[in-house]
Structure formats: C-alpha cells, structure tokens
Amino acid sequence: MKLTYRPFELQLKHRFTIAKFSRTATPLMLLQLEHERYTGYGEASMVPYMGESVEIATAFLNQVDVSRFTYPFNYPEIIAYLDSLAPGNPAIKAAIDIALHDLEGKLRQQPCWQLLGSNPALMPATSITLGIDTPDVLAQKVSEAEGFKFIKVKLGSDNDKQLITTIRSLTEVPLYVDANQGWTDREQSLDLIYWLQEQGVQLIEQPMPKTDVDGNAWLTERSPIPIIGDEAVQRLPDVEKVAGVYHGINVKLMKSAGIYEAQQMIIKARKLGLKVLIGCMSETSCATLAAAALAPQCDWADLDGPFLTSNNPFAAPAFKDGRYVLNDAPGLGLSL
Ligand code: MG
C-alpha cells in the first residue's frame, strides 16, 4: 500500500464568522492510499480553532507505517495504532480512516454506506449554515440557500434576535441555531430559546461554554427544543460524559478521527438515549460523502461543506430535495 498526500487550501464563498472566529479559507490535507489498482481518497479539514495544521499533519503522516493497513481492514486496531503515534490530530487520523473506507469499498466492490449498514431511504435533509453577517450579506446567503429544507444560523453575538428577525423576513424555512458556546447567562438563554421556538427553530447547538456542564444541563432540562453538544463532544469517550447534559450530540468525522469511531459514537449515543446530528467542517465532496454514508443513521444532518466552498477539487455529490443521494459506486462514490 502506498500513501501520498498534498496540502490544499479550500476557499470559502463568503467570509465565515461564528461566535469566536472568522475566516475565508481552510487548510486541508488531501490523501491517497493506493493498493493494487485501487485508490482510496481521504481528507483532513483543519479549521484553525481545532489546533491542527498542515505542518502538524505532515509530521504525523511521516510517522505512519502503511504496512500496518493490511486487508481485511481492522479499524479498531488501526485507530489504536494511530492514537499510539500521537494524541489529538483527529482530522489527519480521519483522513486516513476515510481513505481506508473508500479503498475497502473499492476492493469489496460495495459502496461505503452499504458496508456501514445505512439505508439510503432514511437520509435526513441537510441544513446549510449561515455565518454571522450584515443584513445585506445575509439576504444574499439566504437566496443561495434556496432548495434547502433547513437553514442553520450561527448566533452568540450581541444581536442574536436581530439576526433571526432578518432571516425570518427573508424565508420561512425551519432553522437550526448554533451558539458556539457564545451564551453565558442561563435565564437569558432560556428566554431566548423560548423566543427562538416561536421563530421556528428546531434545535440549538452548544448554547453555553462546554466547560459550563451545569449550565448546559440546566438548559437541557428546561428547553422546549433539543439542545445538542458539539464542542463538548469530540471522540467516543466523550459521549458517555455528556449524557444528561444535552439531548443529543453533534458527531463530526474531523473530531472523531474518522468514520469508524463516528459510527461507534452513534451506537453509543443511541444506547444512552441521545439524539444525533452529523455535522462537518469546511470540507470537499470527499469528507462530505464519508459523512453522508453515515447520515441515514442520524436524526439530523448538517453537511453543507461543498455548498459553502468555491474550489472543491472533486465533483459535487448528487443532491436532490435538500438531501444527498447515495449512489451505488464502490467506496465513497467520489468522482474526480
Ligand atoms: Mg457547532
């Protein structure tokens, strides 16, 4: 097996602002694993606030011995091996895991969603995210979001209500809200949640800082709409810790170190009675299709990467009626 990789700068269509950060591009590492005549594709999206970078990913990949990745693919062993090389680095570990799944599908001549036991008929509609912006830019973004069944709005600034009111003047589409840890006062947050419910908001991601476990649990106990932990949940051991703190978790391949552990997180969440949202970072079709292969096992999907970026090096995934359409091609079903 041969591993090759190259850095890639993924450009965003609009400057993206959330409660704590703002950016116009995201560094990626695009990775290929070749075995016999097949190539598996993987991707790491290294958003700056997660602490990974092209340099860190390169140093990590230099340590990886691909002779360990023999067929049949033993994911628990491979993830344990990658974790033994360095803690953290979940995005670059995800890139390897995604490429292995793509390769496995191609070797078995089966689509990844089938290998993972997903039913394409259960694919949830995906939301498209609008960052914090001026009313003019928001109007533009809302017009670009036509065809989506849900819009996700980033809150956590001083004018949350104004932002929602602006969006409501432009569209009736149901909303998801992501506060990105931006709310601090419990009572005020709960008042806002009741107001947001009247505005057609269906769920709220990470209202208060992840370190405020009691505050988030207090809101979850009282909120009329589901509260979802995102920043509070990275990998499998975190799922157990947030039961009772949130109604559900946001699983992302770039946090979970890939498809294998993401599925373990979904299984664990179900056992604990937690809902599951599958989300993404700024990603190309590669990581998006990897998440889409698991999305039918989740309650909600927020996989808008290909729609928010302007230089996706792969063909856009098939998308109809606000949903990704899983195809029968072996592996991820990625077209170059
Ligand atoms: Mg989030």
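Read the numbers this way: they start at 1 and go in the same order the structure lists the ligands and their atoms.
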Practice problem: Could you list the residues that satisfy salt bridge (charged side-chain N to carboxylate O under 4.0 Å, His left out) with K141, not counting sequence neighbours? | Solution: D133

Quiz item: Do the rings of F150 and Y176 sit parallel, tilted or perpendicular, given the 30° and 60° boundaries?
Solution: parallel

Exercise. For the pair F319 and Y324, name the ring-plane relationship: parallel under 30°, tilted 30 to 60°, perpendicular over 60°.
Key: perpendicular

Quiz item: Looking at I96, D97, N89, I92, which hits side-chain contact (heavy atoms from CB on, under 4.5 Å) with L82?
Solution: I96

Practice problem: Compute the ring centroids of H101 and F73, then answer whether they are less than 6.0 Å apart. | Solution: no

Self-check item: Environment of the Mg ion (ligand 1) in terms of protein N/O/S atoms, cut-off under 2.8 Å
Solution: D178 OD2, E205 OE1, D230 OD2

Quiz item: Cut-off 3.5 Å, side chains only: do H14 and Q140 have a donor facing an acceptor?
Solution: no

